[in-house]
Amino acid sequence: MIVDIIPIRREEWQVKYRRLGKTDMKVSVIGVGTWQFGGEWGKSFAQEEVNRILGRAKEQGINLLDTAECYGDHLSEELIGGYLAQDRREDWIVATKFGHHFHEKFSRTDVFTPDDVLKQLEASLKALRTDYVDLYQFHSGPDAVFDNDALWTALDKQVQAGKIRHLGISIGSNKNIHQTSAASRIGASAIQVVYNRLEREPESEVFPSCQEQDLGVLARVPLASGYLSGKYKPGATFGAGDVRHRHDPAAVERKLKEVESIQANEVPTGMDMAKWALAWCLKHNAVTAVIPGCKNEEQVDANAAAAELLSDNHPQAWKPAE
Ligand SMILES: NC(=O)c1ccc[n+]([C@@H]2O[C@H](COP(=O)([O-])OP(=O)(O)OC[C@H]3O[C@@H](n4cnc5c(N)ncnc54)[C@H](OP(=O)(O)O)[C@@H]3O)[C@@H](O)[C@H]2O)c1
């Protein structure tokens, strides 16, 4: 018997949207993380590949991109800028970051002085080929530089000038309640934090603080660097150009064993584990969106499909009237 394969209509896979904290920004629950475009994941990207990945993301209804100054020397931003130049800029929520100078792969230095950060902002705008950033995030810096009021005053002027729509904080440690609890005071509207089925630390202090302040939460590393996709088994190794080659092998082994157990006991039979893992993050009431790193269009499709596992019943769900 020949069985017709009915193509899945795109609209059935459209992502859902949430309000990013108290901002007016409507973000897709699934975004695209673009550290990968900087070349530290064992692969470099041509402009055409990035255009295909982001074009597919748009078809899926994804509108949120996360990048940074140091994913390559503004390289990831340049590739995104190349794409944005041939698309409608206003259709996208572009989140980038500040605080590092990239020297070569896996080598950066922290630079959080106000003068330098303003130069970094100009370089990001140029690379992204835009005149504003939707979310400008403090990139995992130490408390000593975070506590410099002159930095936030300088950035507030850029908000007033229209170059930044909103400020955010990407906390380096999942325990960093110091920076999280200061978010509203320094004018930040969103926190970025590592959150996934293997890393639940933010649930104890960071998420309650975000909920109390009505901050948006971007869950980064939602697939635990790909380990939670279920495609890697204990004993897996990674090439020298892939950031995972630098991870502690014993810790990776422990994670992969835990993933095997989760796959056997928690993931419904036949379900793609990456899809399940992203939906798992998005079910927490504090989490606005996940930003999985994507290397190709197939991963964009698989990640976007996580939205179909979600109900509309979330405190930040975007209401049609908004
Ligand atoms: N300090 C910070 O602010 C900071 C730090 C880290 C990350 N980030 C941001 O967060 C984003 C996400 O984190 P991440 O990229 O480190 O980790 P991640 O999203 O947990 O993992 C990304 C990797 O998972 C694999 N993958 C993605 N989708 C998949 C799918 N559907 N099926 C199977 N495998 C899939 C891909 O690698 P393979 O196919 O090679 O396995 C991809 O490179 C970054 O891109 C970046 O934008 C920010």
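Given the structure is predicted, the values throughout are model-derived calculations rather than measurements. For the single chain, residues carry numbers from 1 onward in sequence order. In each ligand, atom 1 is the first atom listed, and ligand 1 is the first ligand listed.
- At least one N/O-N/O distance between Gly293 and ligand 1 falls below 3.5 Å.
- Ligand 1 lies nowhere less than 4.0 angstrom from a heavy atom belonging to Met273.
- Between Asp242 and ligand 1, not a single N/O pair is under 3.5 Å apart.
- Contacts with ligand 1 closer than 4.0 Å are made by no heavy atom of Glu199, backbone or side chain.
- Considering both main-chain and side-chain atoms, Gln299 comes within under 3.5 Å of ligand 1 through a nitrogen or oxygen pair.
- No donor-acceptor pair under 3.5 Å is formed between the side chain of Ser209 and the backbone N or O of Val206.
- Here Gln192 has side-chain heavy atoms under 4.0 Å from ligand 1, and that is the only part of it that gets that close.
- For ligand 1, the polar-atom distance check against Pro292 finds no nitrogen or oxygen pair separated by under 3.5 Å.
- Classified by interplanar angle (parallel below 30°, tilted 30° to 60°, perpendicular above 60°), the ring pair His247/Tyr227 is perpendicular.
- Ligand 1 lies within reach of Tyr232, whose nearest heavy atom is under 4.0 Å from it.
- The part of Lys231 lying near ligand 1 is the side chain, judged by heavy-atom distances below 4.0 Å.
- Proximity of Ser140 to ligand 1, defined as any heavy-atom pair under 4.0 Å, is confined to the side chain (atoms from C-beta onward).
- Of the N or O atoms in Leu223, one or more lie within a sub-3.5 Å distance of an N or O in ligand 1.
- At a cut-off of 3.5 Å, with distance as the only test, no side-chain donor of Glu77 or Thr67 sits close to an acceptor on the other residue.
- The parts of Trp35 lying near ligand 1 are both backbone and side chain, judged by heavy-atom distances below 4.0 Å.
- With a 4.0 Å cut-off on non-hydrogen atoms, Thr34 touches ligand 1 through its backbone and not its side chain.
- Put simply, the side chain of Glu40 never gets that close to the backbone of Gly42: no donor and acceptor are under 3.5 Å apart.
- The side chain of Lys97, and not its backbone, has at least one atom closer than 4.0 Å to an atom of ligand 1 (non-hydrogen atoms only; side chain from C-beta on).
- Ligand 1 lies within reach of Ala224, whose nearest heavy atom is under 4.0 Å from it.
- Where the criterion is an N or O separation shorter than 3.5 Å, residue side chain and backbone included, Asp272 fails it with respect to ligand 1.
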